[in-house]
Amino acid sequence: MVSAPPSVPGPSAAPSSALQKIAAQAAARQKQAATRAALPHRRELPLRVGTRASPLALVQTRAFLTMLTRFCPVLRDMGAFQEHQINTTGDQVQNRRLAEIGGKGLFAKEIHDALSDGRIDFAVHSLKDLETTLPPGLVLACTLRREDARDALILGPGAGGRHDAADAADPYAALPRNALVGCASVRRQAQMLHVRPDLRFGLLRGNVQTRLDKLAARQCDATLLALAGLRRLGMEDRADIVLDPEIMVPAAGQGIVGVTVRESDVELRELLAAIEDYEARAVATAERALLAELDGSCRTPIGGYARLVPGLAGAEASLRLTGLVAREDGSFLLRRTVTGLRANAEEMGRELGRSLRMDSPSDVFAA
């Protein structure tokens, strides 16, 4: 609609116009204050943050809170946050695969129960541990800048190979024939077996230090960990071989920290939106849409990795998304890449997911 041009007031109209403007601003402030007071989850400090109790989860949570106080310095010296460490089912059960006990959402279930019940105000997660469909009433309010999304191969004392002998194009050459790889990820297992069917795999779960200790105790010859976790723990030097995403497609959301809140908590959502990393949000949206379309269980090897590619001569950056589906034994593997606009991240993920599902054997997605 085209507005009519404003009329030019005469000298006597100026004071009246100014008074009307001041009155309108005062009324708007009163309305805004009344709206804030009526918010169902408005509360006094401290804000209660829920997190897993693992060393990596605590490092990520505390880094996030530091970032939040830098953005809002008034919170720094007020005891604004109260940390709630929550022991999840995924952490409690270490001797079985996640698929056997209910899926990767078990790293968030108890935390989200506390969020839904109002026992905590927001929750900090490794995004790759979040289910694609959140519980009713909860939303992903914030994604933080992505750390390196790549996987790292760590060799044990019995591996017999040397990381400096590995070819970048053939990193698994550092592993001897029939090496035992400690791993709980079917995504990693399938991609390695597709290239090296001679390798053997044994279940290895636990936090980063636990897995490294088991490797040092010769319970396996090698293992794989997310490079992001090693970096955040100051243990990047433990990564013997960093795997190119074209060789080992990362998990959707790997390297990204996400924060969930109640959908109705408008005030907290607005605060978190101010520290949102828009690149992380774009790639996470594409990767999680891919995962949702494939609807894979923890038994389905699925990889998803998006990145922004700078445009030429000042053109807008494009979004490049790689998706992967495989059989757990590596006998089938399909990898595809699409490129599009960042604004179309969700639709790109869904279209790629549909394409991968259409051209994969039905048994790949069997429950």
Side-chain angles (χ1 to χ4, degrees), residues 49-66 83-98 100-101 104-111 123-130 144 146-163 171 174-175 179-189 192 200-243 248 250-251 253-258 298:
V49 53
T51 175
R52 291 170 61 192
S54 73
L56 177 56
L58 295 177
V59 165
Q60 291 177 164
T61 297
R62 291 163 189 173
F64 158 70
L65 293 178
T66 297
E83 185 181 279
H84 286 247
Q85 298 179 22
I86 299 173
N87 198 12
T88 70
T89 301
D91 292 311
Q92 294 169 26
V93 182
Q94 296 290 326
N95 60 350
R96 299 167 65 190
R97 288 184 179 270
L98 289 175
E100 298 171 1
I101 59 175
K104 68 177 182 178
L106 292 181
F107 283 122
K109 181 182 183 302
E110 286 81 0
I111 298 175
V124 182
H125 314 265
S126 291
L127 193 61
K128 72 173 183 176
D129 291 338
L130 279 188
L144 304 185
R146 183 174 229 165
E147 181 52 274
D148 198 316
R150 293 177 294 175
D151 286 294
L153 182 65
I154 297 97
L155 306 176
R162 289 180 55 82
H163 68 275
L175 292 170
L180 175 62
V181 181
C183 180
S185 164
V186 292
R187 171 188 61 85
R188 290 166 173 158
Q189 175 178 320
M192 291 186 74
R200 299 174 297 132
F201 283 80
L203 180 64
L204 185 66
R205 289 195 53 213
N207 63 43
V208 170
Q209 191 58 59
T210 297
R211 284 187 260 182
L212 291 176
D213 289 345
K214 290 179 178 180
L215 179 64
R218 296 176 180 263
Q219 293 187 22
C220 54
D221 298 315
T223 191
L224 298 105
L225 292 168
L227 182 60
L230 292 173
R231 281 189 167 182
R232 287 172 174 147
L233 290 169
M235 303 171 69
E236 185 178 1
D237 62 318
R238 299 300 303 271
D240 291 314
I241 302 169
V242 177
L243 303 174
M248 173 67 74
Q254 187 158 301
I256 300 175
V257 171
C298 281

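- With hydrogens and angles ignored, the 3.5 Å screen pairs no side-chain donor or acceptor of Thr51 with any backbone N or O of Thr61.
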**OP:** Please step through side-chain contact (heavy atoms from CB on, under 4.5 Å) for the pair Leu58 and Glu83, ending with a clear verdict.
**Re:** CA-CA 9 Å; Leu58 295 177; Glu83 185 181 279; 3.7 Å; yes
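- For the residue pair Thr223 and Gly182, the shortest heavy atom distance occurs at OG1-O, 2.7 Å.
- For the pair Leu212/Arg238, a side-chain contact is recorded, criterion being any heavy-atom separation below 4.5 Å from C-beta on.
- Looking at heavy atoms from C-beta onward, Ile111 lies in side-chain contact with Thr88 at the 4.5 angstrom threshold.
- In plain terms, the two heavy atoms of Ala152 and Leu230 that are nearest each other are CB-CD1, 4.3 Å.
- Scanning for salt bridge (Lys or Arg N to Asp or Glu O under 4.0 Å) contacts around Arg146 gives Glu287, with sequence neighbours left out.
- The shortest distance between side-chain heavy atoms of Leu144 and Ile256 does not fall below 4.5 Å.
- A heavy-atom distance below 4.5 Å is not found between the side chains of Asp151 and Leu227.
- When all heavy atoms of Asp237 and Gly234 are compared, the closest pair comes out as OD1-O, 4.2 Å.
- Counting heavy atoms from C-beta on, the side chains of Leu153 and Asp240 never come closer than 4.5 Å.
- The CD1 atom of Ile86 lies 11.5 Å from the NZ atom of Lys109; values are rounded to the nearest 0.5 Å.
- Checked for salt-bridge contact, Asp148 and Arg232 miss the test: no charged N lies under 4.0 Å from a carboxylate O.
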**OP:** Could you walk me through whether Gln60 and His125 pass the side-chain contact (heavy atoms from CB on, under 4.5 Å) test, one step at a time?
**Re:** CA-CA 8 Å; Gln60 291 177 164; His125 314 265; over 6 Å; no
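- Contact check for Leu215 versus Asp221: no side-chain heavy atoms found under the 4.5 Å cut-off.
- Annotation: side chain to side chain contact (heavy atoms under 4.5 Å, CB included) contacts of Arg211 (sequence neighbours excluded): Arg188, Leu204, Leu225.
- Judged purely by atom type and a 3.5 angstrom limit, Gln254 uses its side chain to pair as donor or acceptor with the backbone of Ala149.
- For the atom pair CZ (Arg231) and CG (Leu56), the distance works out to 14.0 Å, reported to the nearest 0.5 Å.
- Residues Ala239 and Ile154 share a closest heavy-atom pair of CA-CG1, 4.2 Å.
- Distance CG/Leu224 to CZ/Phe201: 7.0 Å, rounded to 0.5 Å.
- Gln209 has its side chain out of reach of Pro55: every pair of non-hydrogen atoms, C-beta onward, lies at least 4.5 Å apart.
- Atom CE of Met192 is separated from atom CZ of Arg187 by 11.5 Å, given to the nearest 0.5 angstrom.
- Side-chain atoms of Asn207 and Thr210 form a donor-acceptor pair, as typed in the model, at a separation below 3.5 Å.
- Side-chain atoms of Ser54 come within 3.5 Å of backbone N or O of Ala57 as a donor-acceptor pair.
- Side-chain contact of Gln85 with Arg52: a donor-acceptor pair under 3.5 Å is absent, judged by distance alone.
- For the residue pair Gly255 and Ala228, the shortest heavy atom distance occurs at CA-CB, 3.7 Å.
- Proximity of Val208 to Leu233: side-chain heavy atoms (C-beta onward) are separated by under 4.5 Å at one or more points.
- Partners of Arg218 according to the salt bridge (Lys or Arg N to Asp or Glu O under 4.0 Å) rule, which considers only residues two or more places apart in sequence or in another chain, do not exist here.
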